[in-house]
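Just so it is clear: chains get the letters A, B, ... in the order the sequence lines come, proteins before strands, and each one is counted from 1. Note that the structure is a prediction, hence the values are computed from the model and not measured. The analysis underlying the following values was restricted to heavy atoms, covering all of them including side chains, and did not include hydrogens, waters or symmetry mates.
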There are 2 protein chains.
Amino acid sequence: MEIQKLNDLPGKTIERLSQYRRILFNSINQGKTNIYSHELAKMMNLTSVQVRRDLMLIGYSGSQSKGYIIKDLITLIGSIIDSKNPLNVAVVGMGNLGRAITSYFSGKRERLSIVAAFDNDTQKIKRIIAGIPCHHINKIKEVAPEMNIQIAILTVAPQGTMEAARMIIDAGIKGILNYTSVPLTVPENIHLEEYDIITSLEKLAFFVKQDID
Amino acid sequence: MEIQKLNDLPGKTIERLSQYRRILFNSINQGKTNIYSHELAKMMNLTSVQVRRDLMLIGYSGSQSKGYIIKDLITLIGSIIDSKNPLNVAVVGMGNLGRAITSYFSGKRERLSIVAAFDNDTQKIKRIIAGIPCHHINKIKEVAPEMNIQIAILTVAPQGTMEAARMIIDAGIKGILNYTSVPLTVPENIHLEEYDIITSLEKLAFFVKQDID
DNA sequence: GTTAGGTTGATAATTTTTTAACAATATTGA
DNA sequence: TCAATATTGTTAAAAAATTATCAACCTAAC
């Protein structure tokens, strides 16, 4: 096998590894100890080839008889996608979406935690929302370094997006997960992922309408 | 130009068309009437080549001097991605995420509207939440055809995902936008888009940690 | 034993998506 | 007028991602 540097795995593979792990946790909770590529594939709507290819890329080998050992695979995936030093995340924008993400995520991962929230609504400041203390966005430059925050999830209203992003970057945060519908432009050294809900709905609508129109 | 059937445009192009249009709306509100490919590209973090290529695929031509006429381009994009007959959308799961999506989306599109919500929490039933009437999920099979619902946005808790999906499909809905972290398997004739928030965060974390570990 | 069935791991082929290259055209300014 | 500049549209190349293929191997059944 060609030696694949683990830190330049394809982005799509990283996404799938995260999902494999989630499924593997479920399987282990159901008492399974081993799993075949086609089983994993079925649960993820993939082909078994793709599962095996992904696992090949991370250098994991199974056995022909038992497939993959779930426990080991979980550990290996963790060693690749989890950070050694825990990463701290802030939610910027504590509206419905921010709260949804916060409460959904809280306590789910060991090495990736939402530790703070920011908002510009003074009603929300100093309150604990979904278990997380909420600060005024103006304080982000002080709070982020104090709490060692490396990632921000951006869930503010569209008109506030650019300004919020500017403040996030100014606070020294290196990763932004943008859930607003405003595309961002960021400096090269900032990692950016965009997940726009409206786009996803319009894309789906496009394919659905083909059956109708 | 090779003739490109508009209904088999690449999925990625569809996504971008939706985003182009959003940006174009903004530009027109700011008083612009024309736009160059590189301007559009900058706002979307793309190259101008990609913009031009996308527009080529939908058969739109600009001029060398003035670039593209925003109004015309918006119209053309609409004629491609919007449905002739309006599409009706239901939100299944009226927690924080469901409410966030509902309130965010309400009134934004003419031919794509959230018209109903479903939940299994009796507290929520019969109430109007974010402007949308909320029904018990058990009623979906009656309500969906009555209201002519073609798309469901799935935002229930993980453990309820499979069951909810089953009911959605059983109600004759042909498109599912899955925002839960549970991968779905659906029949071939059902259109499915998966957007998992945890995956997106873990992917971003992977790239951020490279700078740290 | 040995054959049949099923699985992994790896390479190759294919498809999809992005990026490069460049001719054609329009505008501006000397 | 004509060169310089800037833009579009298109084809070609490259890169990324997926899918096909198949040898090697293990197990179980006979």
Inset, instruction - Rounded to the nearest angstrom, tell me the gap between atom CG in Leu57(A) and atom P in dT19(D). - result: 15 Å

Inset, instruction - In whole angstrom, give the distance that lies between atom OH of Tyr60(B) and atom C1' of dG9(D). - result: 14 Å

Inset, instruction - Let me know the distance between CD of Glu39(A) and C1' of dT7(C), rounded to the nearest Å. - result: 11 Å

Could you pull out the protein-nucleic contacts involving nucleotides 25-29 of chain C (nitrogen or oxygen on both sides, under 3.5 Å)?
unit_1  : atom_1 : unit_2   : atom_2 : d
dT27(C) : OP1    : Ser65(B) : OG     : 3.4

Legend entry - ring pair (Phe, Tyr, Trp, His ring centres under 6.0 Å) partners for Tyr36(B), two or more places apart: His38(B)

Legend entry - Of Ser63(B) and Leu46(A), the one whose closest DNA chain D nucleotide lies more 5': Ser63(B)

Legend entry - side-chain N/O Arg52(A) vs dT8(C) OP1/OP2, d < 4.0 Å: yes

Legend entry - More than 12 heavy atoms from other groups under 6.0 Å of NZ on Lys66(B): no

Inset, instruction - Scan Ser48(A) against the nucleic acid and name what it touches under 4.0 Å (heavy atoms): base, sugar-phosphate only, or nothing. - result: nothing

Inset, instruction - Can you tell me the distance, in whole Å, between the CG atom of Leu40(A) and the P atom of dT7(C)? - result: 14 Å

Inset, instruction - Please report the shortest heavy-atom distance between Ser27(B) and Ile35(B), naming the atom on each side. - result: OG-CD1, 4.1 Å

Inset, instruction - Return the value, rounded to whole Å, for the distance between atom CE of Met56(B) and atom P of dT8(D). - result: 14 Å

Legend entry - Atom pair distance, as rounded to whole Å: CG in Leu73(B) and P in dT8(D): 12 Å

Inset, instruction - Quick one: list whatever passes ring pair (Phe, Tyr, Trp, His ring centres under 6.0 Å) with Tyr60(A), sequence neighbours left out. - result: Tyr68(A)

Inset, instruction - Could I get the full list of ring pair (Phe, Tyr, Trp, His ring centres under 6.0 Å) partners for His191(A), not counting sequence neighbours? - result: none

Legend entry - Partners passing side chain to side chain donor-acceptor pair (under 3.5 Å) against Gln64(B) (at least two apart in sequence or in another chain): none

Inset, instruction - With sequence neighbours excluded, give me every salt bridge (Lys or Arg N to Asp or Glu O under 4.0 Å) pair touching residues 10-34 of chain B. - result: Asp196(A)-Arg22(B), Glu202(A)-Arg21(B), Lys203(A)-Glu15(B), Arg16(B)-Asp54(B), Arg21(B)-Asp82(B), Lys32(B)-Glu39(B)

Legend entry - Spacing between Met44(A) atom CE and dT19(D) atom P, to the nearest angstrom: 12 Å

Legend entry - Pair listing, salt bridge (Lys or Arg N to Asp or Glu O under 4.0 Å) test, anchored in residues 154-167 of chain A, at least two apart: Glu163(A)-Arg166(A)

Legend entry - Listed once per pair and sorted, the salt bridge (Lys or Arg N to Asp or Glu O under 4.0 Å) pairs that draw on residues 169-178 of chain B, sequence neighbours left out: Lys141(B)-Asp170(B)

Legend entry - Which residues share a side chain to side chain donor-acceptor pair (under 3.5 Å) with Ser61(B), sequence neighbours left out: none

Inset, instruction - Assess whether atom NZ of Lys71(A) is packed by more than 12 heavy atoms of other residues, nucleotides or ligands within 6.0 Å. - result: no

Pull out every protein N or O sitting under 3.5 Å from an N or O of nucleotides 14-20 of chain C, one pair per line with the distance.
unit_1  : atom_1 : unit_2   : atom_2 : d
dT18(C) : OP1    : Arg16(B) : NH1    : 3.4
dT18(C) : OP2    : Arg16(B) : NH1    : 2.9
dT18(C) : OP2    : Arg16(B) : NH2    : 3.0
dT18(C) : OP2    : Gln50(B) : NE2    : 3.1
dT18(C) : O5'    : Gln50(B) : NE2    : 3.2
dT19(C) : O4     : Arg53(B) : NE     : 3.2

Inset, instruction - Check whether any side-chain nitrogen or oxygen of Tyr36(B) sits under 4.0 Å from OP1 or OP2 of dG9(D), and answer yes or no. - result: no

Inset, instruction - Rounded off to whole Å, could you give me the CD1-to-P distance for the Ile69(B) and dT7(D) pair? - result: 17 Å

Can you give me the N/O atom pairs linking the protein to nucleotides 1-5 of chain C at distances under 3.5 Å, or say none if there are none?
none

Inset, instruction - Please list, chain by chain and in numerical order, all residues satisfying ring pair (Phe, Tyr, Trp, His ring centres under 6.0 Å) with Tyr20(A), sequence neighbours excluded. - result: none

